[in-house]
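Okay, handing you the structure first.
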Amino acid sequence: MLTIHVAEATPETAVLVDGDRIAAVGPYEDLTAVRPEVRVRRWPGILTPGLLNPYGPELLEGMYHPDPREAEGFGTEPITGERAQRIFRMDASRRGASARRGVQRLLAHGTVAVAGELRDRAAVDAVRRAGLAVGRRPERLAGGPSFSPAPMVLLPGLIPGGPARFAVFDVPDRAALVRLGPSTCVATVIGGRLVYRAR
């Protein structure tokens, strides 16, 4: 199905998606003039190529992401360090569910690719099933593991024929994205599918 994604602050970089590929990138008016019948998804903010999070292993293998039903015992925020490893040792089946919840957190931050060597099968499967790309980790990392790493790593620009993989942030421009961070994400698209949408 053909879909045009356009964000209010960047109408000059609307994206026409055909299946799992980008069919065209350009001004919204140009795309709708050529394909007036297609479905249009309108978003606030800016449309970007999405983010690479370089902390894949730390976030998906080194943290336990509690199920909301476990909030009373574990809270709602990720658990790190020895406590997380203790939880995994008590019940190895928690690894897969935790990795899937971690991937959902990544998607909610506009992440479309991760870096770092994933060794745990559950984390590898969660990344693969979500369609996240796996990139090379930068040689130097500033700061520690975070769903909002600083500095942010934006992927290269969107091109026709490339994978339909991008994120939309509810900010007026890229400077505001850097200042406010990726928690401003309102939509993440991977493989042409809307995999995250803010409520």
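For reference, positions follow the sequence shown, starting with 1.
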- Message: So Pro54 and Pro149, do their side chains get closer than 4.5 Å, heavy atoms only?
- Response: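 Yes - at least one pair of side-chain heavy atoms lies under 4.5 Å apart.
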- Query: Are Arg89 and Glu82 ion-paired here, with the side-chain N under 4.0 Å from a carboxylate O?
  - Reply: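 Answer for the salt bridge query: yes.
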- May I ask you to decide whether Arg35 forms a salt bridge with Glu29, counting only side-chain N to carboxylate O separations under 4.0 Å?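 No, this pair does not count.
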- Item | Nearest heavy atoms of Ala164 and Val17, plus distance in Å | CB-CG1, 3.8 Å
- Task: Tell me, with the steps shown, if Arg41 and Arg197 meet side-chain contact (heavy atoms from CB on, under 4.5 Å).
- Result: CA-CA 12 Å; Arg41 287 195 181 267; Arg197 180 179 189 161; 3.4 Å; yes
- Task: May I ask you to test the His109-Asn53 pair for a side-chain heavy-atom distance under 4.5 Å?
- Result: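 In short, these two side chains do not touch, never coming nearer than 4.5 Å.
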- Query: Quick one: are Ile159 and Ile22 in side-chain contact, heavy atoms under 4.5 Å?
  - Reply: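 They are not in side-chain contact.
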- Item | Side-chain cluster (under 4.5 Å, hydrophobic types only) that Leu2 belongs to, other residues | Ile4, Val6, Leu16, Tyr28, Leu31, Val38, Val40
- Message: When you compare the side chain of Val189 with that of Arg165, does any pair of heavy atoms fall below 4.5 Å?
- Response: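 No, too far: nothing below the 4.5 Å cut-off.
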- Would you mind reporting whether Pro78 and His65 have side-chain heavy atoms less than 4.5 Å apart? yes
- Hey, mind stepping through Arg137 and Glu58 against salt bridge (charged side-chain N to carboxylate O under 4.0 Å, His left out) and telling me if it holds? CA-CA 12 Å; Arg137 184 177 244 180; Glu58 292 84 355; 2.6 Å; yes
- Backbone N/O of Thr3 and side chain of Arg39: donor-acceptor pair under 3.5 Å: no
- Task: Evaluate whether atom CD of Glu139 has more than 12 neighbouring non-hydrogen atoms of other residues, nucleotides or ligands under 6.0 angstrom away.
- Result: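 Open: at most 12 neighbouring heavy atoms sit under 6.0 Å from CD of Glu139.
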- What are the two closest heavy atoms between Gly181 and Thr184, and how far apart are they?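 Smallest interatomic distance, heavy atoms only, reads O-OG1, 2.9 Å.
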- Who passes salt bridge (charged side-chain N to carboxylate O under 4.0 Å, His left out) against Asp125, sequence neighbours left out? Arg121, Arg128
- Message: Checking one residue: Ile79. Which other hydrophobic residues are in its cluster under the side-chain 4.5 Å linking rule?
- Response: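 ILVMFWY cluster around Ile79 also holds Tyr64, Phe74, Ile87, Phe88.
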- Heavy-atom closest pair, residues Ala84 and Gly62: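 Shortest heavy-atom contact: CB-O, 3.7 Å.
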- Query: So which pairs with a foot in residues 154-189 pass ring-ring contact (aromatic ring centres under 6.0 Å, His included), sequence neighbours left out?
  - Reply: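 Of all non-adjacent pairs touching residues 154-189, those that pass ring-ring contact (aromatic ring centres under 6.0 Å, His included) are His5-Phe166.
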- In this structure, are over 12 heavy atoms from other groups packed under 6.0 Å from Met90 atom CE? yes
- Item | Exceeds 12 heavy-atom contacts within 6.0 angstrom, atom CZ of Arg105 |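 Enclosed: over 12 neighbouring heavy atoms sit under 6.0 Å from CZ of Arg105.
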- Taking all non-hydrogen atoms of both residues into account, name the closest pair between Ala7 and Gly45 and its distance. CB-O, 3.1 Å
- Query: Ignoring hydrogens and geometry, is there a side-chain-to-backbone donor-acceptor pair from Asp18 to Arg21 under 3.5 Å?
  - Reply: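 No; zero donor-acceptor contacts below 3.5 Å.
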- How many angstroms lie between atom CG of Leu177 and atom SG of Cys185, to the nearest 0.5 angstrom?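 So the CG of Leu177 and the SG of Cys185 are separated by 9.5 Å.
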- Does Ala71 have any side-chain contact (heavy atoms from CB on, under 4.5 Å) partners at least two apart in sequence or in another chain, and if so, which? Thr76
- Query: Can any side-chain N or O of Glu12 pair as donor or acceptor with the backbone N or O of Pro27 at less than 3.5 Å?
  - Reply: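 Flag not set: sc Glu12 to bb Pro27 has no pair under 3.5 Å.
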- Item | Contact summary for Pro160 and Ala24, nearest pair of heavy atoms | CG-CA, 4.2 Å
- Main-chain N/O of Gly50 paired with Thr48 side-chain donor or acceptor, under 3.5 Å: yes
- Query: Does Leu141 sit in a hydrophobic cluster with other residues, and if so which ones, taking ILVMFWY side chains as linked at heavy-atom separations under 4.5 Å, directly or through other members?
  - Reply: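 Leu141 shares its hydrophobic cluster with Leu52, Tyr55, Leu59, Leu60, Met63, Val103, Leu106, Leu107, Val112, Val114, Leu118, Val124, Val127, Leu132, Val134, Phe147, Val153, Leu155, Ile190, Val195, Tyr196.
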- Item | Pairwise distance CZ(Arg100) to CG(Asp67) - rounded to 0.5 angstrom |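 It comes to 10.5 Å.
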- Query: With distance as the sole test, does Glu70 use its side chain to make a donor-acceptor pair with the main-chain N or O of Gly75 at under 3.5 Å?
  - Reply: no
- Message: Applying a strict under-4.5 Å side-chain criterion to I, L, V, M, F, W and Y, I'd like to know whether Leu194 and Leu158 cluster together.
- Response: yes
- Item | Leu154 to Pro49 - nearest heavy-atom pair and separation | CD2-CD, 4.4 Å
